[in-house]
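Step one of this worksheet: look at the structure below.
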Amino acid sequence: MIEDKLAIREVVENWALWRDAGDWERFATVWHDDGWMTATWFQGPASKFIEVSRAGFERGVSILHFLGGFTCEVAGNRAIAQTKMTINQRAAVDGLEVDVVCTGRFYDFFEKRATRLERPTGVEGWAIVRRQPIYEKDRMDPVEPSRRLMLDVTVLAKFPDGYRHLGYLQSRNGFTVKGGLPGLRGPAVETLYAEGRAWLAGSPKPGIPL
């Protein structure tokens, strides 16, 4: 059990390190071939997420991740991992360079099997089947502290509390931002927790990815 949790934690850490460093070949190994990624700006197969993340990285899009506390429930060859994290994005908003820091958790559906992306057939291991971030709170600050930041409150109010400023920044930079993603409280996160329990109990699918 401890060995499984350590292996899962390593996958979580590799996800952040390899994605942020642009190490796309190794980043592919943290996913199963049917893996699904949900983010504010993307919802789809892991293979497509790798493709669009790489394209953004090469254009200079600056999105970085930092990990904190970790917990994991293992049931046979399945697991649910939760990891405290921050998403840090730097971009221009209305001509002013800003940083957004969004605090939350990665909620990951794991399985131990042999169909990981970019791995030889038959090599079994833990990898992600579904990743669903939980967005708890965020803030936006000018990179240059002396500058004054003025936001359109009408646009800001369109996004949920947990990723209000992240959604504002991303929408201003051409991303389509999905509403209704899980936050610290509410029906969306309760549904996610129920899907996690069902996954550990043997459900055929990891819930209904958003």
Side-chain angles (χ1 to χ4, degrees), residues 12 15-16 19-20 35-46 48-57 59-69 80-109 128 130-145 147-196 206-210:
V12 172
W15 190 103
R19 186 249 173 252
D20 289 358
W36 184 273
M37 176 67 193
T38 295
T40 53
W41 60 276
F42 176 88
Q43 305 85 44
K48 183 65 175 179
F49 178 68
I50 295 166
E51 178 185 329
V52 298
S53 295
R54 182 172 190 164
F57 185 89
R59 292 196 313 271
V61 174
S62 177
I63 303 176
L64 302 174
H65 303 82
F66 190 82
L67 303 179
I80 292 291
Q82 295 190 63
T83 311
K84 289 293 295 183
M85 58 80 178
T86 61
I87 302 166
N88 301 266
Q89 184 165 358
R90 176 171 291 186
V93 171
D94 301 331
L96 180 63
E97 192 172 38
V98 302
D99 281 330
V100 168
V101 177
C102 181
T103 300
R105 281 168 282 155
F106 285 136
Y107 192 97
D108 294 326
F109 295 70
I128 299 170
R130 174 189 173 192
R131 165 160 284 189
Q132 174 59 66
I134 298 169
Y135 301 93
E136 297 175 345
K137 69 172 185 177
D138 70 345
R139 61 179 292 162
M140 181 187 296
D141 299 286
V143 173
E144 184 183 333
R147 299 291 298 275
R148 186 177 182 187
L149 182 61
M150 299 290 292
L151 303 181
D152 185 327
V153 294
T154 302
V155 175
L156 192 65
K158 293 179 180 179
F159 303 105
D161 286 343
Y163 56 100
R164 179 156 290 168
H165 298 89
L166 184 62
Y168 188 101
L169 176 146
Q170 291 176 341
S171 66
R172 281 292 204 251
N173 281 271
F175 293 93
T176 299
V177 177
K178 184 177 179 62
L181 297 175
L184 184 59
R185 303 174 184 85
V189 76
E190 292 301 328
T191 295
L192 181 62
Y193 294 153
E195 291 173 334
I208 302 175
L210 299 172

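Heads up: numbering here begins at 1 and tracks the sequence.
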Derivation and outcome, side-chain contact (heavy atoms from CB on, under 4.5 Å), residues E144 and E97: CA-CA 8 Å; E144 184 183 333; E97 192 172 38; over 6 Å; no

E195/Q132 under side-chain contact (heavy atoms from CB on, under 4.5 Å): CA gap, chis, key distance, verdict: CA-CA 11 Å; E195 291 173 334; Q132 174 59 66; over 6 Å; no

Do L151 and H165 pass the side-chain contact (heavy atoms from CB on, under 4.5 Å) test, and can you show the C-alpha distance, the side-chain angles, and the key distance before you say yes or no? CA-CA 9 Å; L151 303 181; H165 298 89; 4.0 Å; yes

Could you please spell out the steps behind the side-chain contact (heavy atoms from CB on, under 4.5 Å) verdict for V12 and R131? CA-CA 10 Å; V12 172; R131 165 160 284 189; 4.1 Å; yes

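Side-chain contact check for R164 and Y168: no donor-acceptor pair (N or O, by modelled atom type) lies under 3.5 Å.
L166 CG to F175 CZ: the interatomic distance, rounded to the nearest 0.5 Å, is 9.5 Å. The structure places CZ of R172 at 4.5 Å from CG of D94, a figure rounded to the nearest 0.5 Å. Note that OG1 of T103 is 10.0 Å distant from CZ of R139, once rounded to the nearest 0.5 Å. T40 contributes atom OG1, which lies 7.0 Å from atom CD1 of I63 (distance to the nearest 0.5 angstrom). Taking CD1 of I134 as the reference point, atom OG1 of T83 lies at 10.5 Å (rounded to 0.5 Å). The line from CD1 of I80 to CG of L192 is 7.5 Å long, rounded to the nearest 0.5 Å.
A distance-only check finds no donor-acceptor pair linking the side chain of R147 to the backbone of P142 [under 3.5 Å]. In this structure a side-chain-to-backbone donor-acceptor pair under 3.5 Å is missing from N173 to V93. Side-chain atoms of D20 come within 3.5 Å of backbone atoms of H65 as a donor-acceptor pair (strictly under, hydrogens ignored). Without hydrogens or angle criteria, D108 side chain to I128 main chain gives no donor-acceptor distance under 3.5 Å.
Residues Q89 and C102 are not in side-chain contact: their nearest non-hydrogen atoms beyond the backbone lie 4.5 Å or more apart. Within the 4.5 Å cutoff, the side chain of P45 has heavy atoms near those of the W36 side chain.
Nearest heavy atom pair, residue P160 against residue G180, reads CG-N, 4.0 Å. When all heavy atoms of G167 and F159 are compared, the pair lying nearest together is O-CZ, 3.5 Å. Considering all non-hydrogen atoms of both residues, W41 and S53 come closest at CH2-OG, 3.9 Å. Considering every non-hydrogen atom in both S171 and V177, the closest pair reads N-CG2, 3.9 Å.
A parallel orientation is assigned to the rings of F49 and W15, their planes being inclined by less than 30° (bins at 30° and 60°). Taking the six-membered ring for Trp and thresholds of 30 and 60 degrees, Y163 and Y135 have ring planes inclined between 30 and 60 degrees apart.
Every salt bridge (charged side-chain N to carboxylate O under 4.0 Å, His left out) that R54 has, sequence neighbours left out, goes to E58.
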Under 3.5 Å, which donor-acceptor pairs do the side chains of residues 181-191 form with other protein atoms, sequence neighbours left out?
unit_1	atom_1	unit_2	atom_2	d
T191	OG1	P187	O	3.0

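More than 12 heavy-atom neighbours from other residues, nucleotides or ligands sit within 6.0 angstrom of NZ on K84.
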